[in-house]
Amino acid sequence: MLIRDGSASARRLLRKEIGGLPVYDPGADPDEVMREHGLRKVIKLSNNENPYGMSPAAIGAVQKCIKQGLGRYPDPTGKNLLDILAMRYGIKPDRIVLGNGSEEILQLLCQAFVSLGDRVVTQAPCFGLHEIFPLVMGAKLVKVPLGIDFKYNIEEWRKALAVPTKLVFISNPSNPVGTAFSRSELESIIQFCPEDCLLVIDEAYFEYAVHEDGYPDAFQLLKMQNRPWIVLRTFSKAYGLAGLRVGYGIASCSDLIEPLHCVRAPYNVNQLAQVAAVAALEDKEHLVRSIYLVGSERIRLTKMLRKEGYRVAPSLANFLFIDTMVDASFIMDKLLCKGVIVKAWREKGYGNFIRVSISIPEENEFFLQAFTSIKLSL
Ligand SMILES: *Cc1c(COP(=O)(O)O)cnc(C)c1O
């Protein structure tokens with residue numbers, strides 16, 4: 001029977017840039033995995049969340065806020081949080097933008113600055129949204145591949161940036177690899193990057209990496225540069241507020257921030273996220289503890305996996321990028337059956353890799369056992 005629901009016309013309404021775009025892959029849902037495989041316990045190692053959750057101070061702030069009621073719109077400017085961040089960075093608040101997660105800021109940047117046909121450069125393998133959001137605008141996306149042994153290929157970056165480019169997305173540390181550009185490598189890229197190009201450094205894992213040898217703090221590196229740049233940070237990862245959605249961007253000048261206010265929705269950061277972020281910033285103890293515990297597990301797990309013969313990228317973040325030496329989707333499915341959710345990488349050239357978030361020791365051990373037992377049964 002012919003269904004008359006207007007779907008043929010609906011499809012014709014679609015912008016041609018959107019047709020054929022991939023949907024961002026968030027990984028499997030724990031409840032669904034539990035139901036599907038009849039499991040009592042499922043461990044989620046697919047989204048790089050903080051296994052210790054949000055800070056007790058932030059939980060307290062959220063509870064207080066709920067008690068006071070949420071019947072009114074939140075502060076559309078997020079002034080309280082903005083002022084605290086501005087003070088921390090020693091800049092005026094008009095150089096900071098808040099987002100419903102830093103992901104939203106990636107989207108706003110593309111909406112405000114990327115036109116049809118503009119060239120956008122990012123790395124490969126890359127964070128999905130660094131690719132999807134430019135493509136939504138009809139950008140021409142160029143990816144600079146990693147060299148051998150997870151090393152950056154600076155000569156490839158020089159070539160990629162020698163062509164007129166509108167915007168550069170770099171995640172440092174890299175998601176999914178976990179490695180980071182060294183100070184001198186990042187300096188080279190800044191130098192190659194044309195002055196009429198917006199350089200975006202996404203530091204979602206900054207807090208995990210900042211105390212590691214040779215990791216460059218992009219804000220410190222860029223603040224003396226006379227060029228357009230924006231550094232993105234988030235409360236979703238080390239701060240453990242992923243479920244509340246709040247991140248921020250610090251720009252070289254307020255002229256980069258003002259247009260973002262035109263494209264963003266007025267109440268993009270909800271009230272609970274605002275108060276939780278303020279409280280989380282002040283709770284140093286929870287942050288330091290999370291970073292320390294995850295960092296020592298990162299070292300332990302890397303060592304164990306390498307001992308088993310796996311190639312593991314040297315990570316500065318809260319996850320590991322592991323060469324399974326077989327099809328990663330196969331490994332991912334096997335792990336799902338055992339109650340472990342990881343992310344299989346699907347980008348060309350990386351189809352054998354899984355990305356695994358570091359969790360509490362007990363869960364990491366469970367993963368390790370499950371993963372190595374698959375190899376034995378192959
Ligand atoms: C997790 C992640 C983000 C998303 O952060 P939100 O603040 O939760 O939106 C952004 N960029 C990279 C590279 C990430 O890995």
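Throughout, numbering of the chain's residues begins at 1 and tracks the sequence. Atoms within a ligand are numbered from 1 in the order they appear, just like the ligands themselves. These numbers were taken from a predicted model, which means no experiment stands behind them.
- Checked for salt-bridge contact, K151 and E185 miss the test: no charged N lies under 4.0 Å from a carboxylate O.
- Residue pairs meeting the side chain to side chain donor-acceptor pair (under 3.5 Å) criterion with at least one member in residues 104-126, sequence neighbours excluded, are E104-N268, D118-K166, R119-T165.
- For D149, the salt bridge (Lys or Arg N to Asp or Glu O under 4.0 Å) test picks out R311, with sequence neighbours left out.
- A salt bridge does not link R233 to E207: none of the charged nitrogens lies less than 4.0 Å from a carboxylate oxygen.
- Each of G101, S102, E103, F127, S171, N175, D202, A204, Y205, T234, S236, K237, R245 has a non-hydrogen atom positioned under 4.0 Å from some atom of ligand 1.
- Residues I358 and N364 are in side-chain contact: their nearest non-hydrogen atoms beyond the backbone lie under 4.5 Å apart.
- Evaluation of the ring pair (Phe, Tyr, Trp, His ring centres under 6.0 Å) test over residues 209-238, restricted to residues two or more places apart or in two chains, returns Y89-F219, F235-Y239, F235-Y248.
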